[in-house]
Novice: 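Below are the structure tokens for one structure; questions will follow.
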There are 2 protein chains.
Amino acid sequence: MAAVNLKQLAKILNLSISTVSKALRDSHEIGDATKERVLAKAKEMDYTPNPFASGLRRNKSKTIAVVVPEVANNYFSLAINGIERIAQENDYHVLIYLTHEDIEKEKGIMKHLENKRVDGVLMSVTMNTSNQTHLSDFQQKGIPIVFFDRICNEIETAKITTDDYISGINATKHLIENNCKDIAFLSLGDEISIMQKRKSGYLEELHKNNMEAKPERIVKCGNDDEMNYQLVKELLTGKNKPDGIFASVEKLAITTYQVCRELNINIPEEVKIICFSNLETASLLSPSLSTITQPAYNIGKTAAEVMFKYLDKNKTYIPNENIVLQSTLHIRESSQQIV
Amino acid sequence: MAAVNLKQLAKILNLSISTVSKALRDSHEIGDATKERVLAKAKEMDYTPNPFASGLRRNKSKTIAVVVPEVANNYFSLAINGIERIAQENDYHVLIYLTHEDIEKEKGIMKHLENKRVDGVLMSVTMNTSNQTHLSDFQQKGIPIVFFDRICNEIETAKITTDDYISGINATKHLIENNCKDIAFLSLGDEISIMQKRKSGYLEELHKNNMEAKPERIVKCGNDDEMNYQLVKELLTGKNKPDGIFASVEKLAITTYQVCRELNINIPEEVKIICFSNLETASLLSPSLSTITQPAYNIGKTAAEVMFKYLDKNKTYIPNENIVLQSTLHIRESSQQIV
DNA sequence: AATATTTACGCAAACGATGTAGTAATATTA
DNA sequence: TAATATTACTACATCGTTTGCGTAAATATT
């Protein structure tokens, strides 16, 4: 029942503990015959090294943490998929922590991780993470962080993102080409990097087309779905409503669909919609939803690969590096002018 | 930079290591004044115990593992959400492992976990997990397992499920009431418990209505989406197609929607569809999708709660217990007769 | 005042694996 | 043949915490 350890193995084999340990790690100090004997017995007795003992001794946890706002989210769950794949390939374990967009929870989690429980952290920060001292403090402890998607520019390390600015331009351009004259941008807080970039693209493209960027057309949504619903409803109620909506994240597009359904607003006739999304059912929606789709799986995969590139070399310091993957534009019914 | 440990704390406080350790754990052996002094200094120096050292000493990892087929799946991601919540409340960490429906991967993961890396495992087995010796072997090592959703009946422990049999009956009944005469069941392998129960409900209700259960109407799908697409396409091609489809899992319903779109089959006019699903956008699909929705978050939450109930008492043996939560039927357009 | 008890702390042995330093025995070389 | 190198192993300290036991001083009991 109890797990077998080196001591027991050594006694049975009539060898010393260190010999057995070295034999299992294929050390040159041990003769081939002995190695085979040890390996066979170890397999027979189903020996696996105690991770706490070796972790303590070697100061390696063989574990990385993934810190994300949500998991019940198509983007993040795909990213986790990619991360887990690479971690398994590297014989690493993956701890998962959810912040639920709560900056205090994020701080608490980082505090919990400071004591060498993990060899590295892959993270996407909270929409409220403006101050990042808890992250730089964390780095000071000698544990590397790699950011993906929601990055923290002020922290020096590798950052995996998508071409949010270009995508913001393209999405806006597409709406304009489909005859939108008054485009609203549904944002998710101002703090985070991706919002700023997506919004910049939106503003830049409006500017390029000599369209006015009205402040009231930038709707700052948050983590409260009910409140978001009200905000979008306000936006779409009454005469003076926009004829195009660029939702910066998937859930805001879904909210918009729900509002339109309630208010009996026809998409795309009255208002056209496009959004960042990894929704599998985008093409099955009514109407099918135009999306900018991020390579979520690859983002996670890449983030993990970069992390292991440094962990393998026992480097705890990761220099600044920006890896940008491309999103793809999927034009569907929700954003197209009816001809 | 390097994390502070007990030895350093003790030296600074001019106390022995054991006194510091006991003070931090609020032992009665230590005087109040000393305790305060230690606590203050520990906080000041940002001390946190090394998890490997205490894990090794106490034989406790403060970690549970979640083993599931997928994470990019609305059901499992919600369940993980619930699990993570309870784990955080109990000051536990959550390791995540994905089997991708691969029984060999499942075996490998369990082997990895045998060495006391975790205090307990919450799992939903692979669709191919028929033989469960790797699970009973695992239990023998003294680490408790709690199953949720995809349970393993042969293993004695707590199991959290939903009322799949009743739901199977209700879904089938609903299709029959909406005039379906020839209902197909899209299954995901025969091995797993939930499939058997859902199918039993389906068969039972057919029987009750004196409807023939044709073997060719039970389509055994798998993990390969492309192949599933072909299977569903075959089912729906030609004259002799069913007029109702009961998809046992969400992704098969989505596949069915896609096939119907390609073949220009009208839902619900030509074929009615209902499925088990936690899809957030079910009501926004075209047509909106009728679902049996499982309380995924609560299932995860309950599984974790049961686990901690035993872990708190240092019990590694969890007796058989079946906790059944109720799913809810959401009737939408895809399954209703047009009047 | 003598003894018993409590309080408050330190010592040292674990937990299991790892790696350095040491030691016989054998092999190689001058 | 003696000196040196190599091989194949063992002993032991170490990682950072925890915890049973020991003990001196303070307090309580008779």
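Keep in mind that this is a model prediction, so the values were computed, not measured. Every chain is numbered from 1, with letters handed out A, B, ... down the list of sequences.
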Novice: For B:Ile17 and D:dG20, give me the distance from atom CD1 to atom C1', rounded to whole Å.
Specialist: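 These atoms are roughly 16 Å apart.
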Novice: Would you mind reading off the distance between B:Leu6 atom CG and C:dC15 atom P, rounded to a whole angstrom?
Specialist: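 Taking CG of B:Leu6 and P of C:dC15, I get 19 Å after rounding.
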Novice: For the pair made of CZ in B:Arg37 and P in C:dA8, what is the distance, rounded to whole Å?
Specialist: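 It works out to 14 Å between those atoms.
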Novice: Between the base of C:dT7 and the side chain of B:Lys22, is there a donor and acceptor pair under 3.5 angstrom?
Specialist: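 No, no donor-acceptor pair under 3.5 Å.
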Novice: Regarding D:dA8, can its base be found pairing with the side chain of A:Thr19 as donor and acceptor, where the two atoms are less than 3.5 Å apart?
Specialist: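 It does not, because no donor-acceptor pair links the side chain of A:Thr19 to the base of D:dA8 below 3.5 Å.
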Novice: If you count the non-hydrogen atoms of other residues, nucleotides and ligands that lie under 6.0 Å from CD in A:Glu44, is the total more than 12?
Specialist: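 Correct, the count exceeds 12.
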Novice: Can you measure A:Leu15 atom CG to C:dA17 atom P for me and round it to whole angstrom units?
Specialist: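 Distance, rounded to whole Å: 15 Å.
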Novice: Using the closest heavy atom to pick a nucleotide of DNA chain C for each, name whichever of A:Leu56 or B:Lys35 lands nearer the 5' end.
Specialist: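 Residue closer to the 5' terminus by nearest nucleotide: B:Lys35.
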Novice: For B:Ser18 and B:Phe52, find the nucleotide of DNA chain D closest to each by heavy atoms; which residue's nucleotide sits nearer the 5' end?
Specialist: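 Final value for this comparison: B:Phe52.
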Novice: Under the salt bridge (Lys or Arg N to Asp or Glu O under 4.0 Å) criterion, do A:Lys301 and A:Glu305 qualify, and how do the steps go?
Specialist: CA-CA 6 Å; A:Lys301 188 163 163 283; A:Glu305 282 167 349; 3.3 Å; yes
Novice: Taking 4.0 Å as the cut-off, does a side-chain nitrogen or oxygen of B:Asn5 come that near to OP1 or OP2 on D:dG16?
Specialist: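 So the side chain of B:Asn5 is within the cut-off, an N or O lying under 4.0 Å from OP1 or OP2 of D:dG16.
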Novice: CD of B:Glu29 versus P of C:dC9: gap in Å, rounded?
Specialist: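 Distance check: B:Glu29 CD to C:dC9 P gives 11 Å.
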Novice: In terms of the nearest nucleotide of DNA chain C, which residue is placed more toward the 5' end: B:Val20 or B:Ala53?
Specialist: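 Looking at the nearest nucleotide for each, B:Val20 comes out on the 5' side.
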Novice: Could you check how far CG of A:Asn50 sits from C1' of D:dT14, rounded to whole Å?
Specialist: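 A:Asn50 atom CG is separated from D:dT14 atom C1' by 16 Å.
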Novice: Measure CG/B:Asn59 against C1'/D:dT17 and give the value in whole Å, please.
Specialist: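 These atoms are roughly 13 Å apart.
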Novice: Would you say the side-chain atoms of B:Gln140 and B:Asp137 include a donor-acceptor pair closer than 3.5 Å?
Specialist: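 No pair is found: no donor N or O on one side chain lies under 3.5 Å from an acceptor on the other.
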Novice: Inspect the surroundings of NZ in A:Lys313 and state if more than 12 heavy atoms from other residues, nucleotides or ligands are less than 6.0 Å away.
Specialist: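 Enclosed: over 12 neighbouring heavy atoms sit under 6.0 Å from NZ of A:Lys313.
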